[in-house]
Amino acid sequence: MIIRKEFSVLLLLLSLILALLPLTANRSFTAKPDKLLSDVLNEDASFTVDQVAEFIIREDNTVQLIDLRSPEEFRKQAIPGAVNIPYPEFVTKDPEIWLGNKNVRNIFYSAGDIESDYALVYARGLGYDNSYVMAGGVTEWIRTVMETKFTGDRITARENALFETRRRAGEMFTELNSLPDSLKMKFLESKKFSAKKLDGGCE
Amino acid sequence: MKRSYMNPYLAGILLGIVLLTAMVVSGRGLGASGGYKYCVVSIVGAVDPPHVENSEYYSKYFENGKKPLTNWLTLEIFGVVAGGFISGAVSGRLKLKVEKSPKISVTRRLIFAFLGGVLFVYGGQLARGCTSGAALSGMAVLSLAGFVTMIAIFGSAYVFAWIFRKNWI
Amino acid sequence: MKFIKQYWLVLPLFMLAVILVLNRTFSQKNFRYDAVKWAEPSATGSNILTEDQIATLSGEILLISLGNEASIDRQFQGNTMNINPESILEKTNLMRIRKNNGPVILYSGDNSVSARVWMVLSEMGMKNIYILKKIPA
Amino acid sequence: MAPLSSYFAFPEWLNMLTAFLIGIGFGFALEQAGFSSSRKLAGMFYGYDTTVIKVFFTAAIVALIGSQFLSYFGLLNLNQVYVNEFYVTASIVGGVIMGAGFIMGGFCPGTGLCAMSIGKIDAMAFVAGGFAGAFLFTETYPLIEGMANARYKGPVKINESLGLSPGLFTLILVAAAVAMFWIAELAEKKFARPEITNDLK
């Protein structure tokens with residue numbers, strides 16, 4: 001049968017190409033470069049610490065805070081409700097485990113700015129458009145939420161609400177971080193992700 | 001009108017494209033023996049509900065209000081029946097008959113077919129996939145389990161083939 | 001001739017696969033294969049520079065100032081460019097970056113902007129790109 | 001972006017619809033290949049008809065090569081495609097039982113359904129046996145549970161356990177399959193049984 005020969009040659013040639021390729025990873029950016037760039041430079045991709053503070057006191061479950069710092073830093077000062085994924089781990093593992101739920105907005109933060117911004121571009125580039133950053137990171141959180149005091153002589157209703165939010169979020173933050181270490185670890189561990197089990201096979 | 005079968009390589013390419021489609025659309029391979037089980041589980045669930053509730057194995061197919069009949073594999077095997085029928089109709093092969101070697105009786109063929117079905121699905125459930133679910137789909141994703149199952153099926157079938165040669169040639 | 005007659009379908013299919021693969025591997029306009037590899041300097045931190053470290057770099061340095069209020073240390077020796085971050089993917093700008101034979105340093109008054117642009121450029125396959133970190137006052 | 005079902009978060013009904021459509025394609029391809037004939041299937045083990053080997057390996061290789069190219073082009077995320085879990089004992093014991101079932105019944109579960117749909121009565125017996133087998137399995141599961149879950153290795157990929165890149169393993173597999181196709185066609189000539197194969201055309 002003549003078709004066998006042509007077919008064999010075709011398969012061999014194609015698999016030869018595959019053998020030469022570095023098929024090491026299964027992840028590549030799928031977004032278009034210009035669109036990704038304008039998306040991530042847009043203000044909509046960032047939340048301010050005040051917005052995040054409000055999510056926390058409302059215990060909004062459509063929001064997931066992701067802390068990209070090292071586990072030691074996270075243990076010292078964690079924002080309530082955050083989970084810890086150290087940045088080097090975040091870029092090397094399959095982000096589906098963490099970002100797979102499309103109904104949740106993922107907000108990255110790091111110590112300052114840089115890592116959370118990498119993570120934002122990385123996640124959006126892979127197609128997780130539900131990714132955002134908390135601008136300024138923990139530094140900004142401490143400066144604004146924890147340390148800003150009311151100054152001046154008159155206060156408007158809006159300012160009052162803002163300060164009230166900050167006060168309550170600050171209290172939650174202090175409360176969590178003043179827990180004894182073992183209790184705090186228990187609380188933080190309880191929010192660990194586990195890989196979603198894939199469906200398939202004949203079971 | 002009766003048409004002959006497709007060239008095996010072309011048929012293989014067609015089957016490969018179907019498998020690739022399943023991977024791209026649903027992120028999984030094809031399967032068949034699982035579909036048998038889901039049908040059986042739902043029948044048992046309808047006939048004898050207390051038995052299902054008390055059995056650890058059955059109950060996991062009903063927890064959280066799941067229905068085994070609306071399962072990916074069940075729907076897929078319904079599709080297989082429909083697809084086979086369409087193909088048979090297109091190629092003029094629809095015909096009620098028992099296919100067997102002229103040397104054996106119809107009863108013997110049917111008994112062996114029934115026993116074969118029992119063993120195949122039993123083994124398929126044990127190995128968590130049959131020729132399609134484990135061997136074919138497993139090979140396509142380079143799964144070690146798929147290769148081992150495939151070698152076990154075909155290897156042992158060649159050995160047993162000698163014992164049962166009278167049934168076929 | 002006999003060869004071509006027999007393999008007339010195989011050769012075009014093979015050539016198509018080769019062209020697609022080459023385009024994917026060396027694409028200038030799109031993101032490259034393997035996101036992890038291109039993001040690696042960000043995980044190790046080797047893409048971050050402070051002002052003192054600029055002097056230790058060798059090769060033709062290109063400093064890109066991204067938009068707003070980025071004032072660069074005047075002692076800096078080398079080429080400088082001002083590009084609005086939104087338009088860094090325009091053809092002429094990309095050509096300039098790719099052609100530069102040495103380190104390219106991104107600088108902005110806002111570290112966020114440099115970091116985001118860095119990730120986009122790196123995933124497009126550009127190596128030797130650095131971020132000049134602005135230390136908040 | 002693919003698998004599409006997780007990328008677009010398919011609702012239940014759409015998942016079921018795609019399953020049904022894929023099943024139709026599956027059944028159609030099996031029937032067209034001639035897998036609705038038990039004597040054609042059994043022919044592989046006696047050498048007079050090697051369609052099974054050709055179709056089976058061709059299909060696996062086409063899907064394998066296709067999925068790797070799609071993955072390289074960033075169109076398919078292979079991390080999200082199911083890889084079969086490896087239970088060493090169960091895979092081997094189950095495989096041997098299936099081998100016996102194959103040669104006795106002349107079908108496998110997929111081809112049995114397909115043959116049943118075009119009116120093969122022996123296939124109906126096979127499918128009935130299949131349901132009995134599934135029932136037997138669920139009833140006896142507590143007895144064999146230990147064996148079924150023994151020596152669990154997780155979803156291992158064969159190229160990883162051999163230390164090869166997926167592409168290189170594919171090349172080796174294709175070379176082996178090409179050799180097998182060639183041998184299969186030689187075997188068809190050597191073990192030819194015109195009285196059977198002419199019947200099955």
Side-chain angles (χ1 to χ4, degrees), chain B residues 4-6 8 11-12 14-16 18-20 22 24 26-28 32-33 36-37 40 57 72 75-76 79-81 83-85 87-88 96 98 110 112-114 116-123 125-127 130-132 138-140 142-145 148-149 152-153 156-157 160-161 168, chain D residues 2-5 16 19-20 22-25 27-29 31-34 42 45 51 54-55 58-60 62-64 66 80 82-84 86 91 94-99 101-105 108-110 113-114 117-119 121-122 125-126 129-130 133-135 137 141 156-158 201:
Chain B
S4 59
Y5 297 113
M6 208 185 252
L14 181 64
L15 184 55
V18 172
L19 175 53
L20 189 58
V24 170
S26 300
R28 57 185 299 159
S33 62
Y36 283 68
K37 183 177 66 188
V40 166
Y57 189 79
W72 201 94
L75 264 292
E76 189 224 28
V80 169
V81 175
F85 184 82
S87 163
L96 272 180
V98 179
L110 292 184
F112 269 98
F114 184 83
V118 173
L119 287 177
F120 215 131
V121 175
Y122 194 90
Q125 278 311 303
L126 184 58
C130 55
T131 29
S132 28
M139 274 174 77
L142 294 177
S143 142
L144 182 56
V148 169
T149 313
I153 296 174
S156 68
F160 291 120
W168 302 106
Chain D
L4 303 179
S5 61
M16 296 301 111
F20 187 68
I22 287 168
I24 288 184
F28 189 86
E31 211 287 331
Q32 283 296 320
F45 301 107
T51 308
K54 295 177 198 163
V55 175
T58 305
V62 166
L64 179 59
Q80 287 185 51
Y82 177 82
V83 177
N84 304 57
F86 189 29
S91 286
V96 170
I97 297 176
M98 280 191 272
F102 203 165
I103 204 68
M104 286 164 79
C108 58
L113 287 167
C114 174
S117 73
I118 64 160
I121 296 163
D122 46 339
F126 180 90
F135 181 69
F137 181 82
Y141 184 76
V156 205
K157 290 201 174 189
I158 186 164
K201 274 269 153 45

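Most heavy-atom pairs under 4.5 Å with chain D, from the set B:A113, B:A152, B:A127, B:A140: that is B:A113. Heavy-atom pairs under 4.5 Å with chain B peak, among D:G66, D:G25, D:S91, at D:S91. The candidate with the highest count of non-hydrogen atom pairs below 4.5 Å against chain D, out of B:L20, B:L142, B:L14, is B:L142. Among B:L144, B:V148, B:V98, B:L119, the residue with the largest count of heavy-atom pairs under 4.5 Å with chain D is B:L144. Each of D:V156, D:V62, D:I121 has some count of heavy-atom pairs under 4.5 Å with chain B, and the biggest count is that of D:I121. Highest contact tally toward chain B, considering only D:A29, D:C114, D:G110, D:C108, is held by D:C108 [criterion: heavy-atom pairs under 4.5 Å]. Chain D forms more heavy-atom pairs under 4.5 Å with one residue of B:V80, B:T131, B:L110 than with any other, namely B:V80. With chain B as partner, the option from D:I22, D:I97, D:I158 having the largest number of non-hydrogen pairs under 4.5 angstrom is D:I158. The choice from B:Y122, B:F120, B:F160 that makes the most heavy-atom pairs within less than 4.5 Å of chain D is B:F120. The candidate with the highest count of non-hydrogen atom pairs below 4.5 Å against chain B, out of D:P109, D:G27, D:G94, is D:P109. Of the listed residues B:A161, B:A22, B:S26, B:G88, the one with more heavy-atom pairs under 4.5 angstrom with chain D than any other is B:A161.
Looking at every heavy atom in both residues, D:F45 comes nearest to B:A157 through CE2-CB, 3.3 Å. Among all heavy-atom pairs drawn from D:I118 and B:G84, the shortest one is CG2-O, 3.4 Å. Nearest heavy atom pair, residue D:A33 against residue B:A11, reads CB-CB, 3.5 Å.
A search for ring pair (Phe, Tyr, Trp, His ring centres under 6.0 Å) contacts involving D:F28 returns nothing, not counting sequence neighbours. In this view, B:Y36 and D:F131 satisfy the ring pair (Phe, Tyr, Trp, His ring centres under 6.0 Å) rule, not counting sequence neighbours.
Both the backbone and the side chain of B:V24 come within contact range of chain D, each with at least one heavy atom under 4.5 Å from a heavy atom of that chain.
Side-chain atoms of B:S87 do not come within 3.5 Å of backbone N or O of B:G83 as any donor-acceptor pair. In this structure, the side chain of D:T58 does not engage the main chain of B:G12 through any donor-acceptor pair within 3.5 Å. For the pair B:W168 (side chain) and D:I103 (backbone), a donor-acceptor distance under 3.5 Å is present.
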